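Notes to accompany the following structure.
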Amino acid sequence: MATIFSKIIAGEIPCYKIAENEEFFAFLDINPVVKGHTLVVPKKEIDYLFDLEDELLGRMIIFSKKVAKTIEAVISCNRVGVAVIGLEVPHAHIHLIPITQESDMDFKKKKLTLTQEEFIQIAEAIRGHYK
Ligand code: AMP
């Protein structure tokens with residue numbers, strides 16, 4: 001059965017899209033730890049990030065770098081933190097999190113509750129800068 005991320009990539013489930021190319025897709029995390037929290041996923045459905053073949057993983061990091069640089073340009077932060085967890089959704093993904101302090105990476109904290117308008121505004125702002 002297709003994962004929820006494959007359904008998002010296929011357009012069967014809505015998302016706040018940030019960017020995509022032939023191999024990867026980036027969209028806002030629906031339960032963000034901070035504004036701009038973004039997920040990067042490979043279109044190929046593979047559960048564990050470190051099971052991606054080397055070249056694909058390399059290209060995923062390069063794609064994530066481009067997305068991270070775009071997030072940095074739009075969301076006020078010191079840098080973009082990177083996390084890989086993958087315990088909830090069995091489809092490899094990288095969390096890109098614009099941070100100003102270490103606690104911004106704390107996944108145990110209560111997640112932000114954003115309105116649909118806020119999600120749209122954040123996604124449009126980042127997407128608008130993505131080249
Ligand atoms: P993990 O697998 O532990 O890295 O967590 C999966 C992440 O995917 C969580 O941060 C969720 O908030 C996020 N997530 C799950 N479903 C969706 C969705 N439909 N749209 C956006 N983000 C999602």
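We count ligands from 1, going down the list as the structure has it; atoms in each ligand are counted the same way. Since we're looking at a predicted model, the values are computed, not measured.
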Give yes if a backbone or side-chain nitrogen or oxygen of [X] is under 3.5 Å from a nitrogen or oxygen of ligand 1, and no if not.
X   : answer
I13 : no
H37 : no
G86 : yes
I30 : yes

[atom1] ([X]) with more than 12 external heavy atoms under 6.0 Å:
X    : atom1 : result
K111 : NZ    : yes
E53  : CD    : yes
K109 : NZ    : yes

Notebook entry, point to check: What residue among L56, V67, I94 forms side chain to side chain contact (heavy atoms under 4.5 Å, CB included) with F24?
Noted result: L56
Next item on the list: Run through L39, V40, I18, V41 and flag the one making a side chain to side chain contact (heavy atoms under 4.5 Å, CB included) with F25.
Entry: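 Answer after filtering L39, V40, I18, V41: V41.
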Next item on the list: Determine, for E22 against K43, whether the closest basic-nitrogen to carboxylate-oxygen distance falls under 4.0 angstrom.
Entry: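 The answer is no: the pair does not qualify as a salt bridge.
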Checklist line | R79 bridged to E72 by N-O distance under 4.0 Å | finding: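 No, R79 and E72 are not salt-bridged.
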Margin query: Check the orientation of F5 and H91. Use parallel for under 30°, tilted for 30 to 60°, and perpendicular for over 60°.
Written below: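 Ring orientation, 0 to 90° scale: tilted.
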Next item on the list: Could you label the plane-to-plane angle of the F107 and H95 rings as parallel, tilted or perpendicular, counting under 30° as parallel and over 60° as perpendicular?
Entry: perpendicular
Checklist line | Distance (rounded to the nearest 0.5 Å) between T70 OG1 and H129 NE2 | finding: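 Going from OG1 on T70 over to NE2 on H129, the span is 8.5 Å.
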Numbering the atoms of ligand 1 from 1, which are under 4.0 Å from a heavy atom of [X]?
X   : result
L39 : 8 (O), 13 (C), 22 (N)
I8  : 18 (C), 19 (N), 20 (N)
I85 : 3 (O), 4 (O)
H93 : 1 (P), 2 (O), 4 (O), 5 (O), 6 (C)
N31 : 11 (C), 12 (O)
F5  : 8 (O)
I4  : 19 (N)

Would you say [X] touches ligand 1, if touching means a heavy atom closer than 4.0 Å?
X   : result
H95 : yes
Y16 : no
L28 : yes

Check: With backbone taken as N, CA, C and O and side chain as the heavy atoms from C-beta onward, which portion of F27 lies under 4.0 Å from ligand 1: side chain, backbone, both, or neither?
Finding: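 Only the side chain of F27 comes within reach of ligand 1.
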Margin query: To check your reading of the model: name the closest protein heavy atom to atom 10 (O) of ligand 1, its residue, and the distance in Å.
Written below: D29 OD2, 2.5 Å
Item checked: Closest approach of any protein heavy atom to atom 15 (C) of ligand 1, naming residue and atom ->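 Result: E88 OE2, 3.6 Å.
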Notebook entry, point to check: Ring centres of Y16 and F27 under 6.0 Å apart?
Noted result: no
